[in-house]
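Note sheet for the following structure.
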Amino acid sequence: MKYPIDKFQSLRTPFYYYDTELLDETLQAVKAQLQPNWHMHYAVKANTNPKVLRHIVEAGFGADCVSGGEIQACLDAGFPANKIVFAGVGKSDWEIELGLMAGIFCFNVESVPELEVINELAQQHGKIAPVALRINPNVGAHTHDNISTGRAEDKFGIAWESAYDVIEHCKQLSHIECIGLHFHIGSQILEMDDFATLALRINELQEMLETYGIHLQNINVGGGLGIDYEDPDGHPIADFKSYFETFRRYLQMRKGQQLHFELGRAIVAQCGTLVSRVLYVKEATLKKFTIIDAGMTDLIRPALYDAYHRIENITSSEQSQNTYDVVGPICESSDVFVRNYTMPTTRRGDLLAIRSTGAYGEIMASQYNCRTLPASYTSQELCCQE
Ligand SMILES: *Cc1c(COP(=O)(O)O)cnc(C)c1O
């Protein structure tokens with residue numbers, strides 16, 4: 001990725017930098033794969049920066065929200081309410097009411113008690129709530145334990161075995177209309193076999209439901225497509241072709257059925273970079289530490305999931321290399337971006353680019369240690385500003 005380094009030099013670090021050209025290219029790459037009865041709802045929780053959302057709205061995508069705050073952010077950003085879906089195991093009453101009043105496309109319902117509360121609130125407000133049942137397909141994904149969501153032991157969704165009963169239950173609720181089925185098996189999934197397995201499980205369920213004469217209008221397969229954190233310049237755009245091809249091949253759609261997707265990470269991860277300045281290089285007894293001004297408060301993924309992000313020194317012209325632990329200033333031992341990392345010899349004042357941080361980066365920032373939240377700039381802003 002090319003960076004406007006001169007512009008960077010005058011900015012206070014750390015900050016997030018978004019390459020909006022790459023974002024637009026990525027959005028076009030997704031659009032090129034969508035068939036007429038396919039719908040993309042961007043998973044907003046990956047990145048809610050209004051500057052980023054604007055591009056996604058312009059691409060014509062809908063949104064997948066997991067809180068009332070996200071629904072509000074999407075409405076503010078200009079997403080049409082009728083393209084918003086709302087998932088989450090614990091929806092509060094005010095969040096459900098916000099969705100009802102805004103007229104969102106669908107509530108992705110994760111339990112029977114939730115279904116009953118939505119019915120009650122819809123009745124109070126004189127609305128019919130469109131719902132899709134989030135079914136736990138009991139599919140394990142090849143990814144980190146903390147971001148696996150589709151196994152029977154995970155907290156998400158309605159048990160596979162109860163799907164039929166819950167659909168029947170919907171019929172007794174006067175203010176609920178069951179319009180579809182929803183699934184989401186996890187995140188950062190690179191094995192297309194996992195998505196193929198999901199598609200086959202959905203086929204199985206649809207066949208079973210058909211024997212009871214049940215036909216649903218919408219199938220939502222969630223998100224979860226992963227990206228290449230090792231080589232962001234080699235693969236700046238996720239493998240959308242294989243991803244969508246997998247569903248085209250394995251998922252049996254019924255006549256008139258609409259297929260919905262909820263990609264988050266794959267859309268925004270690669271366009272984002274966390275830019276940080278080196279404060280000190282410390283030579284300790286056993287290793288060298290590069291201490292930078294970004295910390296786990298700006299990017300928590302390494303501390304939270306052991307996630308790897310490529311780090312580049314974007315101002316050094318050093319030929320020699322050294323091995324460092326790259327760490328932040330926060331008073332936590334887990335405030336480490338990477339250990340034993342070989343890169344050009346680094347000095348105080350150098351700028352480091354922490355790559356592939358457009359998803360689950362800025363949005364997870366906190367003010368722990370009374371830090372200020374990181375600023376953000378887009379390539380568009382920096383290229384045209386004098
Ligand atoms: C997080 C989430 C997504 C998006 O996951 P990605 O891995 O970012 O694509 C989609 N759907 C639901 C219900 C989610 O919770």
Side-chain angles (χ1 to χ4, degrees), residues 23 26-27 29-30 33 39-49 52-53 56 61-67 69-71 74 83-91 95 99 104-111 114 131-137 139 141-151 154-158 180-192 194-195 198 202 218-229 237-240 242-244 246-247 259-272 301 304-305 307 356-364:
L23 174 58
T26 307
L27 292 166
V30 172
Q33 297 289 329
H39 310 272
M40 179 57 68
H41 306 267
Y42 162 64
V44 178
K45 74 174 188 285
N47 189 320
T48 322
N49 187 314
V52 170
L53 290 185
I56 298 170
F61 291 178
D64 162 42
C65 298
V66 292
S67 74
E70 286 189 358
I71 293 177
C74 286
K83 288 186 181 178
I84 294 177
V85 297
F86 181 19
V89 290
K91 300 179 185 74
E95 296 178 306
I104 63 168
F105 175 68
C106 184
F107 292 84
N108 292 333
V109 170
E110 309 218 9
S111 69
E114 180 193 331
V131 309
L133 301 180
R134 177 168 180 176
I135 306 299
N136 185 324
V139 171
H142 295 88
T143 186
H144 193 286
D145 226 34
N146 289 3
I147 50 176
S148 201
T149 58
R151 303 164 300 184
D154 294 319
K155 71 176 176 183
F156 299 97
I158 292 164
L181 299 172
H182 173 241
F183 307 84
H184 174 65
I185 56 172
S187 201
Q188 184 53 19
I189 297 167
L190 292 166
E191 306 265 346
M192 293 305 129
D194 292 340
F195 294 116
L198 170 63
I202 297 173
N218 298 280
I219 298 293
N220 183 331
V221 294
L225 176 63
I227 60 131
D228 191 345
Y229 282 99
I237 295 183
D239 190 1
F240 296 116
S242 304
Y243 173 75
F244 289 112
T246 302
F247 288 103
L259 181 55
H260 301 259
F261 299 89
E262 302 172 336
L263 294 178
R265 184 193 312 270
I267 291 176
V268 291
Q270 295 293 30
C271 75
R301 298 189 67 256
L304 192 59
Y305 312 119
S356 316
T357 48
Y360 308 106
E362 187 183 4
I363 191 66
M364 284 190 167

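Because only heavy atoms are used, hydrogens play no part in the values below, and waters and symmetry mates are left out as well, while side chains stay in. Please read all numbers here as calculations on a predicted model, not as lab measurements. Numbering of ligands and ligand atoms starts at 1, following listing order.
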Numbered atoms and elements of ligand 1 in range of [X], under 4.0 angstrom, heavy atoms:
{"X": "Tyr360", "result": "1 (C), 4 (C), 5 (O), 6 (P), 8 (O)"}
{"X": "Arg265", "result": "6 (P), 8 (O), 9 (O)"}
{"X": "Lys45", "result": "1 (C), 2 (C), 3 (C), 4 (C), 14 (C), 15 (O)"}
{"X": "Leu263", "result": "9 (O)"}
{"X": "Gly223", "result": "9 (O), 10 (C)"}
{"X": "Gly264", "result": "6 (P), 8 (O), 9 (O)"}

**Message:** Taking the ring of Phe261 and the ring of Phe247, is the distance between their centroids below 6.0 Å?
**Reply:** yes
**Prompt:** Hey, would you say the Phe105 and His39 ring centroids sit under 6.0 Å apart?
**Reply:** no
For ligand 1, is there an N or O atom under 3.5 Å from any N or O atom of [X]?
{"X": "His182", "value": "no"}
{"X": "Ala87", "value": "no"}
{"X": "Gly224", "value": "yes"}

**Request:** For Glu95, check salt bridge (charged side-chain N to carboxylate O under 4.0 Å, His left out) against everything at least two apart and list the hits.
**Result:** none
Ignoring hydrogens, what is the shortest heavy-atom contact between [X] and [Y]? Give both atom names and the distance.
{"X": "Ala46", "Y": "Ile363", "answer": "O-CG2, 3.5 Å"}
{"X": "Gly99", "Y": "Ile71", "answer": "CA-CD1, 4.3 Å"}
{"X": "Ala132", "Y": "Leu181", "answer": "CB-N, 4.1 Å"}
{"X": "Asn47", "Y": "Tyr42", "answer": "O-OH, 2.7 Å"}

**Message:** Against the six-membered ring of Phe86, is Lys91 placed for a cation-pi contact (under 6.0 Å from the centre, within 45° of the normal)?
**Reply:** yes
**Request:** Look at atom 13 (C) of ligand 1 and say which protein heavy atom is nearest, naming residue and atom and giving the distance to 0.1 Å.
**Result:** Glu262 OE1, 3.5 Å
**Message:** Starting from atom 7 (O) of ligand 1, what is the nearest protein heavy atom, named by residue and atom, and what distance separates them?
**Reply:**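 Looking at atom 7 (O) of ligand 1, the protein heavy atom closest to it is Ser187 OG, 2.3 Å.
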**Asked** When Phe195 is tested against each of Tyr243, Phe183, Phe240 for ring pair (Phe, Tyr, Trp, His ring centres under 6.0 Å), which residue passes?
**Response** Tyr243
**Request:** Tell me which part of Asn108 gets within contact of ligand 1: side chain, backbone, both or neither, using heavy atoms under 4.0 Å.
**Result:** neither
**Prompt:** Does Ala266 come within less than 4.0 angstrom of ligand 1, counting non-hydrogen atoms of the residue?
**Reply:** no
